[in-house]
Amino acid sequence: MEPRAAREELPACACCGEPAVVCQPVTRRHLCGTHLIRDVEERVLATIQEYGQIHSGDRIAVGLSGGKDSTALLVILSRLLPAWPGSSLVAITVDEGIAGYRADTIRAAESLTKRLGVEHRIVTFRDLIGDNLDTLLIGRETQACTICGILRKKTLADAAQAAGATAIATGHNLDDEAQSVLMNAFRGDLPRLVRTTGTGTSTAFLPRIKPLMVIPEKEIASYLFVLDLFSVLPECPYTKYALRAEVRTLLSDYECRHPGTMQHLIESKRTIERYCAGTPVMEPLHRCLECGDPCSGDLCQVCRLRHSLLE
Ligand code: SF4
Ligand code: ZN
């Protein structure tokens with residue numbers, strides 16, 4: 001979905017007849033700014049309700065990188081929050097320690113939380129493991145995203161616990177979810193494919209919810225554009241090492257030629273989840289022998305990483 005400025009003249013909004021600002025790629029439905037905002041927020045609310053992701057009295061820790069997905073997530077949740085009386089939000093930004101990248105997004109996160117009146121906490125990899133990511137990665141740059149992902153998940157989970165959160169919300173969108181399905185399929189990692197549902201049903205961890213998981217990335221960009229919250233931020237210098245970057249290009253190209261592919265991938269995953277229910281793939285996790293966190297082997301990923309980084 002592209003902003004009007006980037007396209008030829010668009011027809012009228014399918015809901016009100018006002019000039020449209022976007023065209024949704026799968027349905028080819030044109031929407032004005034007001035109806036785009038309403039449509040996105042209604043679909044997020046429906047997702048939250050369908051999976052019971054948020055309840056009255058919940059305290060939701062929102063992982064806020066300052067990028068577009070987490071920005072949209074915090075804006076949408078702060079607008080929808082009155083639907084769950086007694087609930088509250090706390091935004092948590094993880095500073096990995098990446099020179100020339102993270103400072104700008106932290107500034108964006110600070111300004112957004114101030115504008116929305118949401119409590120904001122910043123936590124660092126240094127707090128967790130004693131060093132910043134740039135230093136940890138010397139000589140291991142190609143493993144950047146694997147190491148970063150493991151440490152970020154743990155840093156965010158610890159900060160959410162400390163903030164008294166009842167669930168962690170992340171800004172994963174439809175594209176991210178479809179990419180994860182494909183990446184786990186490429187790796188042949190069925191347990192991971194079915195365990196990362198984002199529906200808030202995990203019992204081993206603080207529940208993790210992904211309220212934007214049905215919204216395509218382009219619609220999130222348009223949502224922010226209409227609200228005048230769209231900004232271009234620097235890209236992480238380690239992105240070039242990410243397998244996800246390759247999968248994103250592959251899938252975006254395919255989606256352009258065959259709209260609906262990403263949605264179909266997610267539906268396939270749900271079907272696999274249903275078939276796996278009650279099988280060994282879905283067996284409960286163990287506890288890490290060193291830190292007690294839930295894990296699938298003797299040690300959790302963070303403890304294993306700590307050993308390998310210290311060797
Ligand atoms: Fe971390 Fe990789 Fe994302 Fe950079 S691109 S923030 S290294 S996961
Ligand atoms: Zn551990």
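We number each residue from 1, following the sequence as shown. All ligand and atom numbering here is 1-based and tracks the order in the structure. Computed from a predicted model, the values in this text were never measured in an experiment. Heavy atoms only: backbone and side chains are in, while hydrogens, waters and symmetry mates are out.
A donor-acceptor pair under 3.5 Å links the side-chain atoms of N173 to the main chain of D175, judged by distance alone.
Applying the 6.0 Å contact sphere to CD of E119 captures more than 12 heavy atoms from other residues, nucleotides or ligands. Around CZ of R115, the count of heavy atoms belonging to other residues, nucleotides or ligands within 6.0 Å does not exceed 12. Environment of CG in D253: crowded, with over 12 heavy atoms of neighbouring residues, nucleotides or ligands closer than 6.0 Å.
Side chain to side chain, T105 and S65 fail the donor-acceptor criterion of an N or O pair below 3.5 Å.
Residue pairs meeting the salt bridge (charged side-chain N to carboxylate O under 4.0 Å, His left out) criterion with at least one partner in residues 82-107, sequence neighbours excluded, are E96-R102, E96-R152, D104-R107.
The CD1 atom of I220 sits 7.0 Å away from the CD1 atom of I76 when rounded to the nearest 0.5 Å.
The closest approach between a heavy atom of E235 and any atom of ligand 1 is not below 4.0 Å.
When the heavy-atom distances from atom 3 (Fe) of ligand 1 to K240, Q143, R152 are ranked, the shortest goes to R152.
For atom 2 (Fe) of ligand 1, the count of nearby protein N/O/S atoms, taking only those under 2.8 Å, is 1.
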